[in-house]
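Just so you know, ligand 1 is whichever comes first in the structure, and atom 1 is the first atom listed for that ligand.
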Amino acid sequence: MSLRLYNTLTRTKAEFTPLDPAKVRMYVCGPTVYDYAHIGNARPVIVFDVLFRLLRHVYGAERVTYVRNITDVDDKINDRAARDFPELPLNEAIRRVTESTAAQFHADVAALGCLPPTVEPRATEHIAEMRDIIERLVRGGFAYVADGHVLFSPAAMDAANGTLPRYGALANRSLDEMIAGARVDVAPYKKDATDFVLWKPSKEGEPGWPSPCGIEGQGRPGWHIECSAMSWKHLGEVFDIHGGGIDLVFPHHENEVAQSTCAFGHGLMAQVWMHNGFLQVEGQKMSKSLGNFVTIHQLLATADFSGRAWHGEVLRLAMLRTHYRQPIDFTAKALEEAEKTLLAWRADVVPPSVADGEAIDALSDDLNTAAVIARLHRIDDPAVRAATLDFLGFKATAAEIAGHDAQVRGIARAVDEALVASLIAARLEARRQKNFAESDRIRDELAAMGIALKDGKDPATGEPVTTWDVKR
Ligand code: AMP
Ligand code: ZN
């Protein structure tokens with residue numbers, strides 16, 4: 001069976017041929033763990049989960065390696081940690097933020113029917129590989145040290161002869177265009193406006209590691225180098241598929257290509273580059289200031305979005321109705337329709353037989369999930385339909401889907417809110433007295449009652465405040 005994929009690099013849809021069919025390798029940029037993932041972040045996770053399932057079907061489950069990283073070093077994480085846990089040393093606060101956010105992310109995407117990736121590397125565990133690549137780039141003349149930083153020079157890459165790609169080839173931009181578009185306030189240590197950071201110095205108290213290239217003092221990596229290092233470690237110098245949202249094409253993926261091809265001397269980093277389109281909510285770009293920012297957790301477990309909670313598979317189906325490269329408008333109406341459809345498809349409870357060939361063919365045509373869903377509407381045999389739904393990552397029964405809202409929000413209503421409030425007050429008091437053993441004990445007591453806490457600060461007074469939610 002042939003699998004055809006659209007490649008951002010060539011701007012065409014072509015037959016996919018793995019470099020080594022015994023080891024099919026895919027890398028997808030994962031979350032930066034500082035806050036709840038929003039429903040836009042769910043899109044690449046669902047889309048590439050469908051591709052992962054299809055690749056496993058075509059090549060054999062044990063022959064496919066899917067790597068999705070966790071970015072656990074970032075200024076946004078540091079800011080969040082300092083704000084939420086001002087009483088803790090920064091590194092300890094960062095650990096709390098990244099661990100709880102990653103755990104929430106795992107719970108959210110599991111509820112959306114996504115398989116865990118084969119490997120989930122963390123940036124902070126790959127600093128040695130990052131230093132290695134950075135030193136290769138400096139040795140090769142593609143990067144330079146300035147003022148405690150290491151910077152990559154796209155101009156040096158373009159001046160090199162040989163098999164290297166042109167900087168800008170993935171995003172289809174020219175270096176001249178990029179120079180013209182560069183901001184005026186370019187950091188003084190950069191030779192060219194388009195140079196980007198591979199390594200930067202850490203301030204006192206910030207997370208840091210010994211710097212490469214003989215630079216004194218501790219530093220930390222730039223964002224782009226993280227993915228070059230983690231994909232290299234787990235997939236090798238050149239691999240098959242690299243994915244992420246369309247916003248990552250430039251500069252993130254362009255810079256990953258530049259780093260990896262210059263460090264390893266190949267013309268490619270990945271053969272096929274795949275990008276999902278953007279998601280908006282009820283016709284508007286999602287943003288905190290517009291008040292339409294919606295997290296996966298809110299949709300699954302609260303009534304915040306549309307007056308009720310939604311089963312994860314309803315969210316999954318609503319997402320897959322649109323082809324992954326198209327923009328998607330995420331609406332309450334689409335969720336209602338997706339739920340109705342799933343309930344109808346699951347009306348008969350039968351053991352699954354074999355997934356429908358026509359549906360798999362449609363999926364193999366650049367993940368045409370819209371055509372798959374149209375096909376599902378036409379499948380009469382409930383056993384074939386059940387197998388096809390299984391194939392796509394749907395497994396909930398009609399009863400689970402129909403009962404989801406009442407179940408999660410019924411639990412929420414049954415909670416003794418006065419008791420929760422008094423325990424939270426006691427915990428805040430324990431934290432004020434720096435009695436962290438007691439505050440952790442109260443957190444655990446609430447967790448055992450099924451209550452998850454979220455610590456923050458009152459934006460007006462700066463006082464610590466704690467909100468709560470019922471864990472799913
Ligand atoms: P970030 O944490 O912003 O780096 O995003 C993690 C992943 O979610 C990346 O692959 C982004 O491209 C993707 N993403 C972020 N926002 C959206 C959105 N509104 N629609 C679709 N994908 C998104
Ligand atoms: Zn990346």
Side-chain angles (χ1 to χ4, degrees), residues 8 26-49 51 66-77 80 97-98 101-102 104-105 108-109 112 114 117 119-123 126 129-130 133 170-171 196 198 221-235 239 241-260 269-270 273-288 290 292-296 299 315-316 318-320 322-331 334:
T8 307
M26 172 163 79
Y27 185 93
V28 175
C29 298
T32 303
V33 284
Y34 66 98
D35 206 347
Y36 283 96
H38 60 66
I39 187 63
N41 300 137
R43 193 170 191 195
V45 181
I46 294 173
V47 164
F48 291 103
D49 178 68
L51 179 56
Y66 171 24
V67 178
R68 187 185 63 216
N69 73 292
I70 286 187
T71 294
D72 58 355
V73 45
D74 186 273
D75 288 343
K76 290 192 283 283
I77 298 175
R80 180 86 191 199
V97 168
T98 57
T101 310
Q104 181 68 49
F105 176 74
D108 286 348
V109 300
L112 298 175
C114 298
V119 190
E120 194 172 50
R122 283 167 193 256
H126 294 76
E129 287 80 4
M130 296 179 210
I133 296 178
L170 179 67
F196 63 87
L198 300 172
W223 172 35
H224 316 304
I225 196 72
E226 298 175 9
C227 290
S228 284
M230 289 183 271
S231 60
W232 174 41
K233 169 80 184 281
H234 298 283
L235 298 176
F239 52 94
I241 299 172
H242 194 314
I246 189 82
D247 58 318
L248 299 187
V249 174
F250 192 86
H252 184 54
H253 288 167
E254 192 71 56
N255 291 351
E256 282 188 35
V257 172
Q259 295 162 162
S260 296
M269 175 187 189
W273 288 79
M274 294 178 67
H275 295 98
N276 64 269
F278 243 45
L279 171 148
Q280 53 175 22
V281 171
E282 304 282 3
Q284 280 185 309
K285 183 176 164 36
M286 190 170 26
S287 83
K288 287 208 163 118
L290 288 175
N292 65 348
F293 189 90
V294 31
T295 68
I296 304 170
L299 287 160
L315 308 181
R316 185 177 178 92
M319 200 72 90
L320 293 176
T322 306
H323 186 259
Y324 76 93
R325 284 194 282 122
Q326 299 298 319
I328 190 170
D329 190 22
F330 196 81
T331 62

Colleague: Determine whether the aromatic ring centres of H242 and H275 lie less than 6.0 Å apart.
Modeller: no
Colleague: Can you sort out which atoms of ligand 1 are near G245, meaning under 4.0 Å from one of its heavy atoms?
Modeller: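 Listed by number with element, the hits are 10 (O), 12 (O).
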Colleague: Taking both backbone and side-chain atoms of G277, is any N or O found less than 3.5 Å from an N or O belonging to ligand 1?
Modeller: no
Colleague: Please compare G40, G244, A42, P44 and report which has the shortest non-hydrogen distance to atom 18 (C) of ligand 1.
Modeller: G40
Colleague: Measure the CZ-CG distance between R316 and L320 for me, rounded to the nearest 0.5 Å.
Modeller: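 Result: 6.0 Å between the selected atoms.
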Colleague: Can you list the ligand 1 atoms lying under 4.0 Å from a non-hydrogen atom of H38?
Modeller: 15 (C), 16 (N), 17 (C)
Colleague: Taking the side chain as every heavy atom from C-beta outward, state whether L299 and I39 have any atom pair closer than 4.5 Å.
Modeller: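 A side-chain contact under 4.5 Å exists here.
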Colleague: For residues 222-230, run the donor-acceptor check on the side chains, cut-off 3.5 Å, and write out each pair with its distance to 0.1 Å, sequence neighbours left out.
Modeller:
residue, atom, partner, partner atom, Å
H224, ND1, H252, ND1, 2.9
H224, NE2, N255, ND2, 3.3
E226, OE1, T71, OG1, 3.4
S228, OG, E256, O, 3.3
S228, OG, Q259, NE2, 2.8
S228, OG, S260, OG, 2.9

Colleague: Find the distance between OH (Y324) and CD1 (I46) and round it off to the nearest 0.5 Å.
Modeller: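 With rounding to 0.5 Å, OH (Y324) is 15.5 Å from CD1 (I46).
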Colleague: How does L248 reach ligand 1, by side chain, by backbone, by both or by neither, if only non-hydrogen atoms under 4.0 Å count?
Modeller: side chain
Colleague: Do any protein N, O or S atoms sit under 2.8 Å from the Zn ion (ligand 2), and which ones are they?
Modeller: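 Near the Zn ion (ligand 2), the protein supplies C29 SG, C227 SG, H252 NE2, E256 OE2.
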Colleague: About how many Å separate OG1 of T322 and CZ of R43, when rounded to the nearest 0.5 Å?
Modeller: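 The OG1 atom of T322 is 6.0 Å from CZ of R43, to the nearest 0.5 Å.
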Colleague: Pick from M286, H38, E282: which one makes a side-chain contact (heavy atoms from CB on, under 4.5 Å) with V294?
Modeller: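 Passing option: M286.
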Colleague: So does D35 pair up with K76, basic N to acidic O under 4.0 Å?
Modeller: no
Colleague: When rounded to the nearest 0.5 angstrom, what distance separates CZ in F105 from CD1 in I296?
Modeller: 6.5 Å
Colleague: Under 4.0 Å from ligand 1, counting heavy atoms only, is it the side chain of N276, its backbone, both or neither?
Modeller: side chain
Colleague: Would you compute the distance between atom OG1 of T101 and atom CZ of R80 and round it to the nearest 0.5 angstrom?
Modeller: 7.0 Å
Colleague: Kindly identify the option in N41, D247, V28 whose heavy atom sits closest to atom 1 (P) of ligand 1.
Modeller: N41
Colleague: What are the atoms of ligand 1, with element, lying closer than 4.0 Å to any heavy atom of L279?
Modeller: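 Checking each atom against L279, I get 18 (C), 19 (N), 20 (N), 21 (C).
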